[in-house]
Amino acid sequence: MVGRIASVETLAEDVRQRLSGTLHVQPISLAIGCACGILTAWACAAITRSFVVAAVAVGITLFAVVRVAISAWLNRDPEGRANSWFHEIYPLLTFFYAALTGMLAALMLLADAPAGAQLIAVSYMMAYCSVTSVRTAGRPMVALGQMAVSLLPVGVACLIIGTLPALVLAVTLPCYAVGMTTMSLTVFRNLTHQLEAADTRLRHAEELRMQARTDLVTGLINRSGFSVAFEPLAAALPEGRKLALLWLDLHRFKVLNDTMGHTAGDKVLAEVAKRLDEVAPTGSVLSRFAGDEFLLATTVASRAEAEELTHAVSATVGRPVRLNGERVESGAYIGVALLPDDAPNTEKLMQAADLALFHAKVLGPHKVCFFDNSMTHELARKKEIEDELRAAIQKDELAIFFQPIIDLENGRIRSFEALVRWYHPEKGELFPDEFIPVAEDTGLIITLGNWITAQAARAASTWPEDVTLAVNLSPVQIKAPGAALGILAALKEARLDPSRLELEVTESLFVEDDENTTEFMSQLAREGVRFALDDFGTGYSSLHYINRYPFRTIKVDRSFISGPQTGKRSDAIIRAVAEMGTTLDMEIVAEGLETIEQVQAVRTAGCSLGQGYYFSRAVPDYLAALLLTQEAQRMAEQDNQPLSRLAV
Ligand code: C2E
Ligand code: CA
Ligand code: CA
């Protein structure tokens, strides 16, 4: 039992404080008990007319009033007053009060006061002990102490008196004390258990909350953890400092996951998290916010400091990662925004950093982009385009143009690529690069794409049988339900054989959804539709996709042919791709041919087909038909001028 009582000292500080708090939970019951004590004491003083008893009554009254006042005061604001020194002196007051009630009863017995006075004094003392042993059980030492100091004088008085009833009372009192102590300790134990159990539950709940906010792969906080930690960081931003938010998106991560597996992907994420943690200043909030996206929020003194940090982050994340001894290229796009420079609150700061990230991605791999206001204007412009594009589809402002794809062996038109154009009543001719991304973002591309395929198929059905049609397809279109059936229906309606359609897709299609894509492609391939891998060389250039999906054609991006980065390296790449095409029996199209030199170069390199301004720009359907007619005439006249410009 003693061990148990002693354990109160080893309890957690907050449990101990809450047990102390139980002393003051019901000031009203304390007030009633004290009022009874005052009444008893003054009744005894009145009956005995003794000066000593009156002095004890004065003491009981004083201590009672002070106790009730302190208890009521502590109870009014338990948390705020938890550390008040009244907590410390309160038990002392209770000891004095209890001792006085014991002394009152002892005096009544010793003075052989009238039976009524003895009765009320002893009864009050015992009732006080009973109530106090339960009421004060949260502090067992206080309860037992009070009991001892009030029972002891009565016990001693009984022994002095020595009559039989007095001796019986002297024996009864210790038994009563044992009973009360047991009760007090039982209540204390229950109370402690309950508090400890509540504490354990709280701790578990806290652990679960922490787990729910932690990302298991990296050990960083996740999205929900970030929202909890980010707000306070912004709220506590010191005067004159800025909050920098860096939004990172790993470059090529999805491909890595696809080709090397999820375990490898997880290792890379964990390594990136470790590096970010090392470079993040103390007090930063770092989170794996989504799949391959990380957020780093930290306070900085200036924009220059944010720039320095961003470059350090970019450099550390850009270092290759070692995976089972293999070197894996790593890197991130980073968008950065500052509070309060770029946004007035955290919500807008997130939007600004996200927008900056979007721009970083447009700029290319490993790029860092700081938010600036023109980005918001660009967003507004996108919204405007979206609204107008919806209307344009209704108002027939869109047209399909056709750009020939030439057989580099004999200079004949093998195919036409359908390219959409928009004749805006005020802005003039708009090119797809401006509005296709907006249509993709909003899902409008599904309606638009279906319309393009139907129109283009109708035009192609008038061309000679051996001339095919190439149509560009956005990933969003493919993911729409019934996409393959929609295309087949358009072909049927235009009476164009499926084998005369080639769908051009880019590698971005394979990044996310495997199953849908495979199903879409195999369903159409079964009907005879062909596929071309567009813009090869700009994305991941993964041979994995060429191997896995039924491609007939690879289109080498024009940046390898007519861009500023052309040279020996791009020549070698074209040659390698062309060689692969021959081996795998695929057509290789060189895009963006603008000069005869380029045409000859790609032909020598082994490309089978060519497309570009050198031959012809994209032209309206009637001019495409005219180009075909001219070609037919030339063939009939045996006027073969291979690889010449086409003009109408
Ligand atoms: P793309 O599929 O790579 O289309 C080829 C783009 O290169 C076309 O631009 C074409 O006009 C341009 N081009 C052709 N030859 C040359 C050349 O010799 N030099 C240069 N500098 N450029 C050349 P356009 O029509 O502006 O299309 C841009 C992109 O918009 C297309 O790239 C394609 O991704 C997308 N797009 C165009 N029409 C459609 C469509 O109907 N549906 C979808 N989903 N996307 C489309
Ligand atoms: Ca294309
Ligand atoms: Ca292309």
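In each ligand, atom 1 is the first atom listed, and ligand 1 is the first ligand listed. Side chains included, hydrogens not; waters and symmetry mates left out as well; all remaining heavy atoms used.
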(request) Would you please determine whether Gly592 falls within less than 4.0 Å of ligand 1 on a heavy-atom basis? (result) yes
(request) Please state whether Ala618 comes within less than 4.0 angstrom of ligand 1, counting heavy atoms only. (result)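 No; Ala618 lies far enough from ligand 1 that no heavy-atom distance drops under 4.0 Å.
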Closest approach of any protein heavy atom to [atom], naming residue and atom:
atom                    : result
atom 43 (C) of ligand 1 : Asn472 CB, 3.5 Å
atom 21 (N) of ligand 1 : Glu594 OE2, 3.2 Å
atom 38 (N) of ligand 1 : Val420 N, 3.3 Å
atom 30 (O) of ligand 1 : Pro432 CB, 3.4 Å
atom 13 (N) of ligand 1 : Tyr613 CE2, 3.7 Å
atom 15 (N) of ligand 1 : Gln403 NE2, 3.0 Å
atom 44 (N) of ligand 1 : Ser474 OG, 3.1 Å

(request) Under 4.0 Å, heavy atoms only, figure out whether ligand 1 is touched by the backbone of Leu419, its side chain, both or neither. (result)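 Both the backbone and the side chain of Leu419 come within reach of ligand 1.
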(request) Answer with side chain, backbone, both or neither: which part of Asp534 has a heavy atom less than 4.0 angstrom from an atom of ligand 1? (result)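 The answer is the side chain.
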Does any N or O atom in [X] lie less than 3.5 angstrom from one in ligand 1, N or O only?
X      : value
Tyr614 : no
Gln611 : no
Phe431 : no

Please check if atom [atom1] in [X] has more than 12 non-hydrogen atoms from other residues, nucleotides or ligands closer than 6.0 Å.
X      : atom1 : answer
Glu409 : CD    : no
Lys427 : NZ    : yes
Gln630 : CD    : yes

Quick one: does [X]'s side chain have a donor or acceptor within less than 3.5 Å of a partner on [Y]'s backbone?
X      : Y      : answer
Arg500 : Thr468 : no
Thr462 : Arg458 : no
Gln455 : Ile400 : no

(request) Sort by chain and number the protein N/O/S atoms found under 3.0 Å from the Ca ion (ligand 2). (result) Glu417 OE2, Asn472 OD1, Glu504 OE1, Asp534 OD2
Does the pair [X]/[Y] count as a salt bridge with the N-to-O cut at 4.0 Å?
X      : Y      : result
Arg303 : Asp342 : yes
Arg288 : Glu293 : no
Lys395 : Glu388 : no
Arg552 : Glu502 : no

(message) Are Met521 and Tyr549 packed together at the side-chain level, in the sense that at least one heavy-atom pair is separated by less than 4.5 angstrom?
(response)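 Yes - at least one pair of side-chain heavy atoms lies under 4.5 Å apart.
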Where the closest heavy atom to [atom] is concerned, which of [options] has it?
atom                    : options                        : answer
atom 11 (O) of ligand 1 : Lys555, Glu440, Arg421, Glu417 : Arg421
atom 6 (C) of ligand 1  : Gln598, Arg558, Glu591         : Arg558
atom 3 (O) of ligand 1  : Leu503, Asp535, Ile561         : Asp535

(message) When you compare the side chains of Asp215 and Thr218, does any donor N or O come within less than 3.5 Å of an acceptor on the partner?
(response)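 Thr218 and Asp215 do have a side-chain donor-acceptor pair below 3.5 Å.
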(request) Considering non-hydrogen atoms only, spot the tightest contact between Gly537 and Phe560 and give its length. (result)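 Smallest heavy-atom distance, with atoms named: CA-CE1, 3.5 Å.
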Would you mind listing which atoms of ligand 1 come within a distance below 4.0 Å of any non-hydrogen atom of [X]?
X      : value
Leu593 : 18 (O)
Asp433 : 28 (C), 29 (C), 30 (O)
Ile452 : 40 (C), 41 (O)

(request) Could you list all the ring pair (Phe, Tyr, Trp, His ring centres under 6.0 Å) pairs where at least one residue sits in residues 587-621, not counting sequence neighbours? (result)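 Matches after skipping sequence neighbours: none remain.
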(request) Just do the ring pair (Phe, Tyr, Trp, His ring centres under 6.0 Å) check on Trp247 and Tyr333 with the steps written out, would you? (result) CA-CA 8 Å; Trp247 198 319; Tyr333 307 97; over 10 Å; no
(request) Show your working on side-chain contact (heavy atoms from CB on, under 4.5 Å) between Trp463 and Phe402 and close with a plain yes or no. (result) CA-CA 12 Å; Trp463 306 335; Phe402 297 91; 3.6 Å; yes
